[in-house]
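First comes the structure, then the notes that go with it.
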Protein chains: 2
Amino acid sequence: MKQLTDKQKAIFDSTLMLIREHGFHGTTMSQVAKKAGVAAGTIYHYFESKDKLISELYNYNRNLTIEVIDNSLSEKHSFKENFYHLWEALHQFYIDNTQILIFFEQYVNSPYKADKNNAYSHSRLLSFFEEGIKNGYLKKVSPKLAMVLTVSNIAIAAKMHKFGNPEAGSTSMEQMRDIFWDGIAV
Amino acid sequence: MKQLTDKQKAIFDSTLMLIREHGFHGTTMSQVAKKAGVAAGTIYHYFESKDKLISELYNYNRNLTIEVIDNSLSEKHSFKENFYHLWEALHQFYIDNTQILIFFEQYVNSPYKADKNNAYSHSRLLSFFEEGIKNGYLKKVSPKLAMVLTVSNIAIAAKMHKFGNPEAGSTSMEQMRDIFWDGIAV
DNA sequence: ACCGCTTGAATGAACGTTCAATCGTTTTGC
DNA sequence: GCAAAACGATTGAACGTTCATTCAAGCGGT
């Protein structure tokens, strides 16, 4: 993972926070500059345009997320254990970094992103699901489908945990994980 | 449902298409005017501002969607049949109106929407899930959780059907519906 | 003295919104 | 029945603001 300078990090953090608060539109470069504690021109020393800033911000957080996913999987554990670890790790990551989740959801539905399909299509996660299906732990579906469904449902779970209203009651991470597991497992 | 004039309908349709293509930002009032075949000023005869236009567009499509949901449920059928009908109807609606789905997803993550929780919280659908849980068809979870999970997964299924790449193979509506049903049903 | 980083006022384009003028239809007065 | 007035709908050029971006000048380390 590319190392960022303090300034770059401050600019990324400010942009994420502002986008969460005001959306893509409504987040201006001078707001970003002010929040990051730099002058407007400084942003352009590191990023050639607002669009480039946003797409690099996406790539950076996408790599962060992939790291979280990859670190949750280990050959030492059973498939179901790995599935549970994946769920727990990504769920926690999204709860701790809701601004990243919100940003992703805005980004994939935005014109910034041309190819909306490969947000999580990195080989490690995909082969995890391929193995699970081949070895009979999961239903015989497309591995890509299993992967996208899993990641999407973790995001839903994290959002419900974070924004869910009290009526939803004791909606636990485990509860949603088990609902999904019961559906996808053989 | 409030009846719209031809002009209002044209403005709504153009806005939806443009937002799908260019996002909230990037969709300008003059683009909307041009696509709708009216002058810029005419939009302001019907909608007091861009923000108001977008929030009224949201309410309009939200009501459309609620109508689809309500029409899919009937007291004449069993719970599981109703669940299947709901899935099929909403799935088809989202496939036929992907621009509405994209718009919803942008909207709920945008600053336009203050309360992000009650997008589908209309009483008919909620009581359908309440009944299902009370009568032992579904797992003992919060009805709201069951509702949100269902609606979210139908949206995912519709998006995969529409944007999914060929690798995903014969990903059918029935397949995803059954995965979800197996997870939520007792 | 050099050089890369930083500044923030200046710039010009683009945007949402306004409004005086125009158009087409309906109502009024006779 | 008809002209005229009234009315709401429509137009699009013009307005003022805001924004992304630029760049000449300054700063600080070497």
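Model, not experiment: these values are computed from the prediction.
- One finds no side-chain N or O of A:Tyr44 lying less than 4.0 angstrom from the OP1 or OP2 phosphate oxygen of D:dC23.
- Within the structure, every side-chain polar atom (N or O) of B:His45 is placed at least 4.0 Å from both OP1 and OP2 of D:dT10.
- Minimum atom distance to the side chain of B:Ala40 is reached by C:dT17, of the listed D:dT21, C:dT7, C:dT17.
- For A:Lys34 and D:dA20, the NZ to P distance is 15 Å, given to the nearest whole Å.
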Exercise for review: List the steps, then state whether salt bridge (Lys or Arg N to Asp or Glu O under 4.0 Å) holds for A:Glu131 with A:Lys134.
Suggested key: CA-CA 5 Å; A:Glu131 288 298 310; A:Lys134 201 168 67 185; 3.5 Å; yes

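- Within the nucleic acid shown, A:Thr27 comes within 4.0 Å of sugar-phosphate atoms alone, with no base atom in reach, counting heavy atoms only.
- The phosphate of D:dA9 has neither OP1 nor OP2 within less than 4.0 Å of any side-chain N or O from B:Lys7.
- Note on A:Tyr46: every side-chain N or O is 4.0 Å or more away from OP1 and OP2 of C:dC5.
- Note: CD1 (B:Ile43) to C1' (C:dT18) measures 14 Å, nearest angstrom.
- Under the 4.0 Å criterion applied to side-chain N and carboxylate O atoms, B:Lys35 and B:Asp13 are not assigned as salt-bridge partners.
- Atoms CD (A:Glu48) and P (D:dA20) sit 16 Å apart, rounded to a whole Å.
- Proximity of the aromatic rings of A:Phe79 and A:Phe128 is defined here by a centroid distance below 6.0 angstrom, and this criterion is met.
- For A:Gly41 and A:Met29, each mapped to the nucleotide of DNA chain D holding its nearest heavy atom, the one lying further toward the 5' end belongs to A:Met29.
- Atom CZ in A:Phe24 sits roughly 18 Å away from atom P in C:dC15 (whole-Å rounding).
- The listed nucleotides are C:dG8, C:dT17, D:dT10; the one nearest the side chain of B:Ser49 is C:dT17.
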Practice item. Take B:Lys76 and B:Glu81 through the salt bridge (Lys or Arg N to Asp or Glu O under 4.0 Å) test and state the conclusion after the steps. Key: CA-CA 10 Å; B:Lys76 287 200 282 285; B:Glu81 280 169 343; over 6 Å; no

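- Using a 4.0 Å heavy-atom distance criterion, A:Thr28 is classed as a sugar-phosphate-only contact.
- In this structure, A:Lys50 does not reach the D:dT21 phosphate: none of its side-chain N or O atoms is under 4.0 Å from OP1 or OP2.
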